[in-house]
There are 2 protein chains.
Amino acid sequence: MTQPLSVDMFEELCPSDLIPLRFADKWAALILRCLDGGPRRFSELRVPLSRVTAKVLTSSLRALERDGMVSRTAHQPGTVPHVEYALTPLGRSVLDLYATVGAWAAEHWDELLEAREAYDASQ
Amino acid sequence: MTQPLSVDMFEELCPSDLIPLRFADKWAALILRCLDGGPRRFSELRVPLSRVTAKVLTSSLRALERDGMVSRTAHQPGTVPHVEYALTPLGRSVLDLYATVGAWAAEHWDELLEAREAYDASQ
DNA sequence: CGGTATCCACAAGGATACTG
DNA sequence: CAGTATCCTTGTGGATACCG
């Protein structure tokens, strides 16, 4: 049974529809996971994310903040900066979504790797 | 309640863990959706995906094939090429996952857009 | 029909150094 | 401490032309 195709797929779904989920952001999922246990300071995030430079971490955090997934709070009791990042309800929600994606990956990982090996072997 | 962070997040989860899901591929989701109604020829896919060039469509299809989400079958009855792409069971499974992601997006879309407008207005 | 070959533009990511 | 400023590399995606 073959169903007809839309004339233009872009009328229904743009690629940008997925971009706000930040799946294309290399570090977004990792950052959100780091915030799962509670609010973190910038320097605290840099430890587990040691392979992400400050510049890149900043820009990812800004993007997550813009999308309402992370909140940024600057406390300034004295002269020393103190910034805390925390998950918003939306951020927590997208973390659940990542968990679903992760469960899918765990279940189908072997299947995918086998396909890849088979393909590479045939080329 | 604040929980401790891992020393190195990369021990648990690499960014590459998500890449095989092809979420970073700009057209993968759209291509899989085009195959949902049945097998399609290359030129059939080009119609709804008119904004994707042949080169890009080919490379996306190759990547999907390598990951076992799409099968490529070349029928050659005469001298005229006839290639069909179809969803594999794994591809169908990942389509279900996209549906879950899409449902999340539909539910939280407004929330995300509001956050974005608020952020942009404050900058 | 089903692609390749070539060249190009742009954005993301990264290395390094510096600052309020 | 929490970033910026600069510069550079890479890769994806795209435009155009051509081929078995």
Side-chain angles (χ1 to χ4, degrees), chain A residues 5 9-10 14-31 34-35 39-67 70-86 123, chain B residues 5 9-10 14-31 34-35 39-67 70-86 123:
Chain A
L5 279 176
M9 223 29 208
F10 296 93
C14 283
S16 57
D17 285 357
L18 287 172
I19 293 174
L21 299 182
R22 311 223 57 73
F23 277 124
D25 186 318
K26 200 170 175 183
W27 309 115
L30 241 39
I31 292 171
C34 285
L35 295 175
R40 306 289 176 184
R41 301 181 63 170
F42 187 80
S43 51
E44 286 182 288
L45 290 174
R46 295 220 59 195
V47 177
L49 299 170
S50 56
R51 279 155 55 188
V52 186
T53 64
K55 180 199 145 193
V56 171
L57 181 55
T58 300
S59 71
S60 280
L61 282 168
R62 293 278 188 278
L64 288 168
E65 187 193 358
R66 188 169 107 99
D67 285 354
V70 157
S71 67
R72 178 183 182 277
T73 315
H75 308 277
Q76 263 153 339
T79 171
V80 54
H82 184 116
V83 176
E84 271 197 345
Y85 293 93
Q123 298 304 308
Chain B
L5 280 175
M9 219 36 201
F10 297 93
C14 283
S16 58
D17 285 359
L18 287 173
I19 294 175
L21 298 181
R22 312 221 58 72
F23 277 123
D25 186 318
K26 199 170 174 181
W27 309 115
L30 239 41
I31 293 170
C34 285
L35 295 175
R40 306 288 174 185
R41 301 181 64 169
F42 187 81
S43 50
E44 285 183 289
L45 291 174
R46 296 220 58 195
V47 177
L49 299 171
S50 56
R51 278 155 56 190
V52 186
T53 63
K55 180 199 145 193
V56 171
L57 181 55
T58 300
S59 71
S60 281
L61 282 168
R62 292 279 187 277
L64 288 168
E65 188 192 359
R66 188 171 107 99
D67 285 353
V70 157
S71 65
R72 178 183 181 277
T73 315
H75 309 277
Q76 262 152 340
T79 171
V80 52
H82 184 115
V83 176
E84 272 197 343
Y85 293 93
Q123 298 302 310

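To find a chain, count down the sequence lines: A is the first, B the second, and so on, and within it residues start at 1. Here the structure is a predicted model, which means the values were calculated and not measured.
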If you look at every heavy atom in A/Leu35 and A/Leu45, which pair is closest and at what distance? CD2-CD2, 3.9 Å
Please round to the nearest 0.5 Å and tell me the distance separating atom CG of B/Leu57 and atom OG of B/Ser43. 10.5 Å
Using heavy-atom distances to pick each residue's nearest nucleotide on DNA chain D, tell me which of A/Arg41 and B/Ala54 is more 5'. A/Arg41
Please classify the nucleic acid contact of B/Arg46 as base, sugar-phosphate, or nothing, using heavy-atom distances under 4.0 Å. nothing
How would you list, by chain and number, every residue that makes a side-chain hydrogen bond (donor to acceptor under 3.5 Å, both in side chains) with B/His82, sequence neighbours excluded? B/Arg41
Angle between terminal axes - the helix from C/dC1-D/dG20 to C/dG20-D/dC1, 5 pairs each end, rounded to 10°: 50°
Can you tell if the side chain of B/Arg72 reaches within under 4.5 Å of the side chain of B/Glu84, non-hydrogen atoms only? no
Just the endpoints, please: which first and last nucleotides of DNA chain D, 5' to 3', lie under 4.0 Å from a heavy atom of chain B? D/dG13 to D/dG20
By nearest-heavy-atom nucleotide on DNA chain D, the more 5' of A/Val80 and A/Thr58 is A/Val80
Given side chains that start at C-beta, do those of B/Leu61 and B/Phe42 come closer than 4.5 Å, heavy atoms only? yes
Taking the side chain as everything from C-beta on, heavy atoms only, tell me whether B/Thr58 gets closer than 4.5 Å to B/Thr53. no
Residues in side chain to side chain contact (heavy atoms under 4.5 Å, CB included) contact with A/Ser59, at least two apart in sequence or another chain: none
List in chain and number order the residues that pass salt bridge (charged side-chain N to carboxylate O under 4.0 Å, His left out) with A/Arg40, two or more places apart in sequence or in another chain; answer none if no residue qualifies. none
Does any non-hydrogen side-chain atom of B/Tyr85 lie less than 4.5 Å from one of B/Val83? yes
Contact span of DNA chain C against chain A, any nucleotide atom under 4.0 Å from a heavy atom, 5' to 3', runs C/dG13 to C/dG20
Rounded at 0.5 Å granularity, tell me how far CG in B/Leu64 sits from CH2 in B/Trp27. 13.5 Å
